[in-house]
4 protein chains.
Amino acid sequence: MCKRTNPRGSRTGRPRSTEADTAILEATRAALVELGWSKLTMGDVAGRAGVAKTTLYRRWANKNELVVDAVAVLFDELELPDLGSLQADIEHVVLQFAALLERPETKTALMAVVAESTRDEPLRERIRASIVDRQKRLVLAGRERAQRRGELPDEHPVSTVAALDDLIFDVVAGAVVHRALVSAEPVDGPWAARLSALLLGGLGAAAAR
Amino acid sequence: MCKRTNPRGSRTGRPRSTEADTAILEATRAALVELGWSKLTMGDVAGRAGVAKTTLYRRWANKNELVVDAVAVLFDELELPDLGSLQADIEHVVLQFAALLERPETKTALMAVVAESTRDEPLRERIRASIVDRQKRLVLAGRERAQRRGELPDEHPVSTVAALDDLIFDVVAGAVVHRALVSAEPVDGPWAARLSALLLGGLGAAAAR
Amino acid sequence: MCKRTNPRGSRTGRPRSTEADTAILEATRAALVELGWSKLTMGDVAGRAGVAKTTLYRRWANKNELVVDAVAVLFDELELPDLGSLQADIEHVVLQFAALLERPETKTALMAVVAESTRDEPLRERIRASIVDRQKRLVLAGRERAQRRGELPDEHPVSTVAALDDLIFDVVAGAVVHRALVSAEPVDGPWAARLSALLLGGLGAAAAR
Amino acid sequence: MCKRTNPRGSRTGRPRSTEADTAILEATRAALVELGWSKLTMGDVAGRAGVAKTTLYRRWANKNELVVDAVAVLFDELELPDLGSLQADIEHVVLQFAALLERPETKTALMAVVAESTRDEPLRERIRASIVDRQKRLVLAGRERAQRRGELPDEHPVSTVAALDDLIFDVVAGAVVHRALVSAEPVDGPWAARLSALLLGGLGAAAAR
DNA sequence: GCCTAAGCGAGACGGTACGTCTAGTCTTGGT
DNA sequence: ACCAAGACTAGACGTACCGTCTCGCTTAGGC
């Protein structure tokens, strides 16, 4: 999560304050809400957290890594309750994800750190570990549940299944992000319904709605 | 494109140097390639273009607007030749778009300006006008061509058609961007084939590949 | 005085603000009075002068050089009016110099920059040019005047005279500084009288007072 | 020398390490040689001494007091062997003192702590006790010896004698320091001879050399 | 062929944030 | 009570950019 010099935690010296850890992450989210990514400053975060700037830099190398850690936890809120059909499950997770992207701390931060990550391999890895891979579980769970229900065939080899999971993930997440942040149009029930229809039956099915 | 004080263009005074215009945009793209979005500075661009900083600010209000203009023209390269089937057309445009996102000047700049735009309405409008809406023509053309070919039904009301165009746009563009920049996996032929199968026939069809 | 990139002053670009120059030097002296050398900060000086920190650094490389320039002008106040005898002239300049060293902006700054100069050759040169050599004129004038009065012989070779001037300078300035700042005893009329007696007639003469 | 909480030395608890005391003072002198006053840091001294920063602060209230103690001992090297005449004694002590001021640990530290002391009364007192007053013994001894030799009259009242001692001290020490550190000229045999001639016989005598 | 308004390169300006450094204090566990 | 280690607050450092503002000079229309 944040850098520790000693592998198994040093035994000597004053230990890091865990209160500072949480105060900093909360302050970061608050600053994101108020200021957005580009106006967020380390000094401001330190001030909000009641902490010296050095305490931030002792834990995170730079703004990007701090923000990734601060935002990552929000993505753990996403859940996939069994609503009885794949269609309903998809619509539900799409709306949940859209609600998350509506929040000011995520909408500005997510794109910004992804943008930075195109030039910063360690940051990309951190994003993948903290955010991206953690959400793939939703696709996995949904697909397996649909197979159990018989909504999807399950005789395919493992590699095909993995490729399909990746595809679904990129399509759903990408479509929602693009709709919400690039097109800047609402991700609402009808749109979610059209998207899930497209996924289940292709363009023809989507057009029929 | 860039701000002109007088509505119909002032008749008096020294006219703006068009050489400066193009030199600045080229310098901006070069700086994006070398430095990426976050390390690009106005002073550096001015230096590369052999131009004073004032000359930049006379034309663009800030870094974001300059970068949008510098990058926008690249998106006009996208074309949609008739390859005989909707499937082929989709795969072709997906690969074209992916190639564009591979270029360092686009990959870092696109996400960054979108991130900024979440807090900057004029910037969002500029992005929409310069980049987003310009690419919707591809969806429009592809969908109409498919209808002419009989691959898609065409009796739907206009509003439904528009909503479908928007959906396709968000799904295709979103999926490619997400795959390329977030998942950081290659957008290659097989993946494009799977995506187009999904669009045409839904998950079942995609799984069959 | 302060660094100028172009030798005879660049013709191009916005010229340096001379108001800023004087405001900064005045602010520096005010800060020295209030805070002393070690608590004086560049940011504070900038704030007092109503100027950005960069404007300070554009003119002076560091705190030391700024302080030397700010304090140097104070030393130009020293004068050597003809009081009729070498003894009176010496006592007068000693008391003047002591009054200067009483001022808080000089007393703390002078020793501090001299201390720094032991590790910084350019600074030593600046001190010599701005402060030290400028005061040697007093010794020169006083010695010549005494020779005209016949209080001192004048048939010596030039090199001997120069060595004597240097000696007098180090003895008088050194004694006053040491008395005022190291011994921290008052430099008053009686002490000045004893010192001048010593200079004129040696220990025996000083003891006789 | 350094602070002890209990007046007669506490009986309870672990006693302070005397090895640490000497290691710290040696490390301080070494750091002064390498870095000079302004770049010397407490952390660096602690590191060199193989000691925790806390251990420094347990003994000295701050950097200045530590440096005064570290340097003070060097001044105890000064001696006043009987060379047979006042003139020879003066020249000898002048050259000794100059040699001391040549050493990097003294030249930078002495002026720096004096500068600090202009704003710090306890520090001034510590300097006086540790350094200044300790050297006055040389003046006292030299003057008494000269009186015994008959080189100086000895019928003066005590107050006059004390004032003369102070004057000699300020003149000699001040002149050497000023020559060495401000004028930055060598304090060599000829200069020492001129200075002692001045002291013994005044300007006329000094000019005659 | 002048006049004049705007553009131009250069670079100083006020501001703001950066990431680093140091001072001096505090908190661990261990001697 | 001491010690080593190292985290802590506070705040200055010097640098880098931003976007604005003079400067003196250039350039092309309109007169």
Side-chain angles (χ1 to χ4, degrees), chain A residues 5-6 10-17 19-20 38-44 46-47 50-63, chain B residues 5-6 10-17 19-20 38-44 46-47 49-63, chain C residues 5-6 10-17 19-20 38-44 46-47 49-59 61-63, chain D residues 5-6 10-17 20 38-44 46-47 49-58 60-63:
Chain A
T5 0
N6 296 24
S10 177
R11 286 282 149 261
T12 160
R14 178 174 173 175
R16 296 245 173 106
S17 160
E19 294 174 22
S38 64
K39 303 234 169 107
L40 176 149
T41 72
M42 297 298 262
D44 181 80
V51 140
K53 239 187 334 164
T54 32
T55 302
L56 266 70
Y57 284 107
R58 203 172 289 118
R59 289 163 164 75
W60 292 277
N62 52 54
K63 197 165 125 168
Chain B
T5 0
N6 296 23
S10 176
R11 290 279 155 265
T12 160
R14 176 175 173 177
R16 297 237 174 112
S17 157
E19 293 174 22
S38 64
K39 303 235 169 108
L40 176 147
T41 72
M42 296 299 262
D44 182 81
V51 142
K53 253 198 312 174
T54 337
T55 304
L56 267 68
Y57 283 106
R58 205 171 287 120
R59 290 161 164 76
W60 292 275
N62 52 53
K63 193 165 127 169
Chain C
T5 359
N6 297 23
S10 176
R11 286 283 148 260
T12 160
R14 178 173 172 176
R16 296 247 173 104
S17 159
E19 294 174 23
S38 63
K39 303 231 170 109
L40 177 149
T41 71
M42 297 299 262
D44 181 81
V51 141
K53 234 184 348 160
T54 34
T55 302
L56 267 70
Y57 283 107
R58 203 172 287 120
R59 289 163 163 75
N62 51 54
K63 197 164 124 168
Chain D
T5 2
N6 297 21
S10 175
R11 290 279 155 263
T12 160
R14 175 174 173 178
R16 292 223 178 127
S17 157
S38 63
K39 303 234 168 108
L40 176 147
T41 73
M42 296 298 261
D44 182 80
V51 140
K53 254 199 310 174
T54 336
T55 304
L56 268 68
Y57 284 105
R58 206 172 286 122
W60 291 275
N62 52 52
K63 193 165 129 170

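Atom set for the values below is all heavy atoms of this structure, side chains included, hydrogens, waters and symmetry mates excluded. Residue numbers start from 1 in every chain, and the chains themselves are labelled A, B, ... in the order their sequence lines are given, proteins ahead of strands.
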Identify the heavy atoms of D:Ala46 and D:Ala52 that sit nearest to each other, and give their distance.
CB-C, 4.1 Å
Could you tell me the separation between the OH atom of C:Tyr57 and the C1' atom of E:dC13, rounded to a whole number of Å?
17 Å
So which one's nearest nucleotide on DNA chain E is more toward 5', C:Val51 or A:Gly43?
C:Val51
Reckon B:Arg58 has a side-chain N or O less than 4.0 Å from the OP1 or OP2 of E:dC8?
yes
Atom-pair distance (CD on A:Glu19; P on E:dC26), nearest Å:
17 Å
Separation of D:Lys53 NZ from D:Thr41 OG1 (nearest 0.5 Å)
8.5 Å
Atom CG of A:Leu40 to atom C1' of E:dT16: distance rounded to whole Å?
14 Å
For A:Arg59 and F:dC8, is the shortest distance between a side-chain N/O and OP1 or OP2 below 4.0 Å?
yes
Selection from F:dG6, F:dC8, E:dC8 that lies nearest to any side-chain heavy atom of A:Thr12
F:dG6
Taking atom types as they are modelled, would you say the side chain of C:Arg14 forms a donor-acceptor pair with the base of E:dC13 within the 3.5 Å cutoff?
no
Nearest whole angstrom, please: distance from the P of F:dT20 to the CG of B:Leu56.
12 Å
Between F:dC18 (P) and A:Lys39 (NZ): distance, integer Å:
15 Å
Can you tell me the distance, in whole Å, between the CG atom of A:Asn62 and the P atom of E:dG19?
7 Å
Starting at OH of C:Tyr57, measure out to CG of C:Asn62 and round the result to the nearest 0.5 Å.
8.0 Å
Between E:dG24 (C1') and D:Lys53 (NZ): distance, integer Å:
7 Å
Is the base of E:dA23 touched by the side chain of D:Thr41 through a donor-acceptor pair closer than 3.5 angstrom?
no
Could you tell me if the side chain of C:Thr55 sits less than 4.5 Å from the side chain of C:Arg58, heavy atoms only?
yes
If I compare all heavy atoms of C:Ser17 with all of C:Ala20, which pair ends up nearest, and what's the gap?
OG-N, 3.0 Å
Examine the base of E:dA12 for any acceptor or donor lying under 3.5 Å from a partner atom in the side chain of C:Thr55, and report the outcome as yes or no.
no
Taking for each residue the nucleotide of DNA chain E with the nearest heavy atom, is it A:Thr54 or B:Ser17 whose nucleotide lies nearer the 5' end?
B:Ser17
Whole-Å distance between E:dT25 C1' and D:Met42 CE?
12 Å
